[in-house]
Visitor: 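Submitted below is the structure of interest, expressed as structure tokens.
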Protein chains: 2
Amino acid sequence: MKEEVGWELLRSFLGVMQHGSLSGAARALGITQPTVGRHVHALERSLGLTLFTRSRTGLLPTEGALELHPYAAGMRSTAEALRRAASSLGSGVRGTVRISASEVMGMEVLPPMLTSLRQSHGELRIELVMTNRVQDLLQREADIAVRMAAPRQEALVARHVGAAVVGLYAHREYLARHPAPQSPAELQRHALIGFDTDTPFLRSARRAFPQWNRAAFAMRTDSDVGQMALLRAGCGIGACQAALASRDPNLIRVLPRAFRYELDTWVTMHEDLRSSSRCTVTFHHLVRELTAYLSVRGARP
Amino acid sequence: MKEEVGWELLRSFLGVMQHGSLSGAARALGITQPTVGRHVHALERSLGLTLFTRSRTGLLPTEGALELHPYAAGMRSTAEALRRAASSLGSGVRGTVRISASEVMGMEVLPPMLTSLRQSHGELRIELVMTNRVQDLLQREADIAVRMAAPRQEALVARHVGAAVVGLYAHREYLARHPAPQSPAELQRHALIGFDTDTPFLRSARRAFPQWNRAAFAMRTDSDVGQMALLRAGCGIGACQAALASRDPNLIRVLPRAFRYELDTWVTMHEDLRSSSRCTVTFHHLVRELTAYLSVRGARP
DNA sequence: CAGAAGCTATACAAAATTGCATATATGAAA
DNA sequence: TTTCATATATGCAATTTTGTATAGCTTCTG
């Protein structure tokens with residue numbers, strides 16, 4: 001335990017944590033392997049603990065390293081946010097805005113909206129982080145997030161943009177081979193497309209539709225875009241946003257009355273970013289477009 | 001706008017923001033003034049913007065510098081939190097815990113509790129941050145906070161430890177000179193001790209007791225400890241926690257029926273710190289002791 | 001108005017960090 | 001088992017960063 005930890009050392013630490021070896025981290029960071037090694041060594045001496053056990057095949061993080069990792073990662077995301085903020089200074093809408101959204105949203109819904117946004121603001125740069133993990137806006141992992149859950153953190157600006165209607169769908173060709181079920185019970189005889197790991201969302205959905213459980217799924221993937229692809233390929237019956245499915249005439253709604261779920265959707269932003277024109281412009285654009293998108297009566301009744 | 005911002009440069013930036021000059025920052029950081037100057041210059045070049053306008057008497061932060069300051073400050077508090085976390089690794093309860101509490105709490109209530117905590121855990125170090133500003137646990141400005149408001153952030157472990165009863169008190173000598181008021185209306189003729197600036201807490205308190213407004217206060221200070229001191233010196237009538245006042249036989253409750261306010265009190269901690277023994281031990285100790293403290297029927301009826 | 005006390009900026013030497021080249025160890029595959 | 005690929009560690013030179021000393025500027029004060 002010495003006087004101060006060098007902040008630069010933490011970048012090397014993060015690199016090693018991420019890549020599992022000094023050499024790999026060095027390649028990623030654009031410095032040399034001896035330097036990374038010395039950084040890790042200096043950090044260990046400065047913190048007074050061992051961060052990695054030198055094993056035969058690379059470096060294995062100790063419990064302490066795992067414990068400290070989130071702190072260092074937080075510093076990195078803040079540094080990147082600072083960089084984004086700096087690039088946007090000055091008048092006008094410019095710089096980079098980082099948007100976090102679920103995979104389906106990011107791949108199917110947002111692209112045209114972002115295209116039109118970029119047409120009005122040519123100097124705007126967009127980073128789209130597609131993950132179903134809820135990113136931490138307070139830790140500045142993203143500037144703006146599109147979420148299917150109400151934000152519970154204060155210090156966030158949040159706008160409700162409507163509810164995404166989710167229904168069951170199947171491809172026309174699948175239904176030609178397997179006649180559409182007429183009751184929930186008949187779903188058992190069908191190939192259901194669903195999730196692999198259990199999530200809070202799934203648990204809540206299952207309360208409403210007990211049939212929609214893991215054991216019933218014939219095909220499982222955690223990627224909702226993967227589910228869309230299976231659906232479009234005629235693999236079976238799966239859940240899909242109605243507004244999305246209505247774009248593809250080959251997707252037919254199944255059991256429209258029995259299965260219907262609404263996902264309240266929110267656009268959220270860190271309060272501090274209100275003074276940033278790039279973020280407010282993007283925020284309001286997304287609010288406007290998503291409101292329009294979600295107000296479409298997706299499934300033909 | 002170059003490739004990457006050097007993290008170390010940000011420390012110098014923070015120093016200059018805090019001290020207003022290269023020389024002052026250099027003294028505080030333990031490096032030399034030319035180095036700080038070069039750091040700031042490098043940072044400006046790397047971000048592609050001017051951070052300070054070189055004025056006659058030191059450096060004046062630009063709008064951009066003010067905008068970027070919270071990011072850099074966030075990195076610093078995270079770095080300090082990392083340091084605390086590192087110092088506590090290994091088995092046993094050791095390392096530093098940073099506790100945020102209001103001034104009265106920190107000065108009057110917590111000290112004996114922390115003393116007993118340190119007696120059981122000699123290797124534990126305590127940092128007590130006394131401020132009425134609500135510190136941001138998510139930004140790791142503190143590990144544990146004692147608050148008079150329910151936490152609204154998720155990702156926090158929170159425990160309700162009771163309600164602090166607040167009543168009006170006056171010193172025995174003051175009451176000897178000025179007979180105690182028998183009705184709220186009579187308060188007008190007394191020297192009231194109250195707050196200077198308006199806070200959310202004050203606004204909510206005023207809804208219950210309209211007499212308790214800024215214009216009525218003969219003595220104003222934002223420091224609640226200062227209010228206690230004025231109270232003890234017999235300056236007038238002021239609000240005080242009942243449990244606290246009951247320790248001083250010279251403090252007499254005034255209008256016990258008409259004035260009574262309860263402040264729900266919470267101990268909160270960042271979720272991630274659950275795996276840290278120093279934090280959980282401190283957390284539970286505070287919960288236990290504060291629960292006992294707040295369950296004392298403070299004012300003799 | 002002179003001079004002291006702040007401050008920043010720069011030249012040059014000292015110290016530190018870094019990269020390069022290389023030695024060495026280990027696991028996987030021929 | 002040998003060989004290859006990949007890993008970490010270290011000596012040494014090159015580069016970069018830092019500190020020292022100093023010059024120049026502004027403000028405040030007697």
Side-chain angles (χ1 to χ4, degrees), chain A residues 1-62 64-66 69 72 75-76 79, chain B residues 1-62 64-66 69 72 75-76 79:
Chain A
M1 240 166 299
K2 272 198 350 188
E3 61 286 2
E4 276 280 352
V5 296
W7 290 11
E8 293 290 356
L9 305 183
L10 294 172
R11 308 169 79 160
S12 295
F13 167 67
L14 282 166
V16 176
M17 285 297 280
Q18 187 172 349
H19 294 95
S21 74
L22 299 183
S23 323
R27 276 191 296 274
L29 295 170
I31 53 182
T32 57
Q33 164 261 320
T35 301
V36 177
R38 288 185 276 241
H39 282 179
V40 169
H41 216 75
L43 191 59
E44 287 181 324
R45 221 160 26 80
S46 159
L47 294 174
L49 53 91
T50 304
L51 291 170
F52 300 96
T53 52
R54 271 72 174 171
S55 80
R56 24 232 145 281
T57 165
L59 276 71
L60 196 60
T62 64
L66 294 171
H69 182 250
M75 288 182 70
R76 176 167 54 187
Chain B
M1 241 167 300
K2 271 197 357 185
E3 62 286 0
E4 276 279 351
V5 296
W7 290 11
E8 295 289 355
L9 305 182
L10 294 172
R11 308 170 79 160
S12 295
F13 167 66
L14 282 167
V16 176
M17 286 296 280
Q18 187 171 350
H19 295 95
S21 75
L22 299 184
S23 321
R27 276 191 296 273
L29 295 171
I31 54 182
T32 58
Q33 165 262 319
T35 301
V36 177
R38 287 186 279 241
H39 281 178
V40 170
H41 214 76
L43 191 59
E44 287 181 324
R45 219 160 29 77
S46 158
L47 294 174
L49 54 92
T50 305
L51 291 170
F52 300 96
T53 53
R54 271 72 173 171
S55 81
R56 27 231 151 277
T57 166
L59 276 70
L60 195 62
T62 63
L66 293 171
H69 182 248
M75 289 182 70
R76 176 167 55 188

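A note on names: the letters A, B, ... follow the listed sequences, proteins ahead of strands, and every chain is numbered from 1.
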Visitor: Going by the rule side chain to side chain contact (heavy atoms under 4.5 Å, CB included), which residues pair with A:Leu14 if we only count those two or more places apart in sequence or in a different chain?
Guide: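 Partners of A:Leu14 under the side chain to side chain contact (heavy atoms under 4.5 Å, CB included) test: A:His69, A:Ala72, A:Ala73, A:Arg76, B:Trp7.
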
Visitor: Give the rounded distance in Å between these two atoms: CZ of B:Arg11 and C1' of D:dT17.
Guide: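 So the CZ-C1' distance, B:Arg11 to D:dT17, works out to 15 Å.
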
Visitor: Taking CD from A:Glu8 and C1' from D:dT17, how many angstroms apart are they, rounded to a whole number?
Guide: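 Atom CD in A:Glu8 sits about 12 Å away from atom C1' in D:dT17.
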
Visitor: When the distance from CG of B:Leu22 to C1' of D:dG19 is rounded to whole Å, what number comes out?
Guide: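 So the two atoms are 15 Å apart, to the nearest Å.
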
Visitor: Hey, does B:His39 reach any base, or is it just sugar-phosphate, or nothing, if we go heavy atoms under 4.0 Å?
Guide: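 The residue B:His39 makes sugar-phosphate contact but no base contact.
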
Visitor: Are side-chain heavy atoms of B:Leu10 and B:His39 found at a separation under 4.5 Å?
Guide: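 Answer no - side chains too far apart.
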
Visitor: To check you understand the geometry: which heavy-atom pair defines the closest contact between B:Gly15 and B:Leu29, and what is its length?
Guide: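 Result for this residue pair: CA-CD1, 4.5 Å.
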
Visitor: For residues A:His19 and A:Gly24, report the shortest heavy-atom separation together with the two atoms involved.
Guide: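 Heavy-atom minimum between the residues: CB-C, 3.9 Å.
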
Visitor: Is the distance from OP1 or OP2 of C:dT8 to the nearest side-chain N or O of B:Ser23 less than 4.0 Å?
Guide: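 For C:dT8, OP1 or OP2 has a side-chain N or O of B:Ser23 closer than 4.0 Å.
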
Visitor: Considering just the side-chain nitrogens and oxygens of B:Arg27, establish if one lies under 4.0 Å of OP1 or OP2 belonging to C:dC7.
Guide: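 Yes.
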
Visitor: Locate the shortest heavy-atom distance separating B:Leu22 from B:Gln33; write the atom from each residue and the value.
Guide: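 That closest heavy-atom pairing would be CB-CG, 4.0 Å.
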
Visitor: Would you list the pairs meeting salt bridge (charged side-chain N to carboxylate O under 4.0 Å, His left out) in which at least one residue belongs to residues 9-29 of chain A, sequence neighbours left out?
Guide: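 Qualifying pairs: A:Glu8-A:Arg11, A:Arg11-B:Glu4.
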
Visitor: Extract from the structure each pairing of a protein N or O with an N or O of nucleotides 10-15 of chain C at less than 3.5 Å, listing the distance.
Guide:
none

Visitor: Calculate the interatomic distance between B:His41 atom NE2 and C:dT8 atom C1'; express it in whole Å.
Guide: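 The distance from NE2 of B:His41 to C1' of C:dT8 comes to 12 Å, rounded to the nearest Å.
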
Visitor: Would you call A:Ser12 and A:Leu43 a side-chain contact if the rule is heavy atoms closer than 4.5 Å?
Guide: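 Sidechains of A:Leu43 and A:Ser12: no contact.
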
Visitor: Does the side chain of A:Ser21 get closer than 4.0 angstrom to OP1 or OP2 of D:dT6 through an N or O atom?
Guide: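 No, A:Ser21 has no side-chain N/O under 4.0 Å of OP1/OP2 on D:dT6.
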
Visitor: Take atom NE2 of A:His19 and atom C1' of D:dT8, then tell me their distance rounded to the nearest Å.
Guide: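 For the pair A:His19 NE2 and D:dT8 C1', the rounded distance is 18 Å.
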
Visitor: Write down the distance between CZ (A:Arg45) and C1' (C:dT17), rounded to a whole number of angstrom.
Guide: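 These atoms are roughly 13 Å apart.
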
Visitor: Between A:Thr35 and C:dG19, is there a contact of a side-chain N or O with OP1 or OP2 at under 4.0 Å?
Guide: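 So the side-chain polar atoms of A:Thr35 do come within 4.0 Å of the phosphate oxygens OP1 or OP2 of C:dG19, strictly under.
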
Visitor: Send over the distance from B:Glu44 CD to C:dA9 C1', rounded to a whole Å.
Guide: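 Taking CD of B:Glu44 and C1' of C:dA9, I get 14 Å after rounding.
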
Visitor: For A:Leu60 and D:dT8, what is the distance between atoms CG and P respectively, to the nearest whole Å?
Guide: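 It is 12 Å, rounded to the nearest whole Å.
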
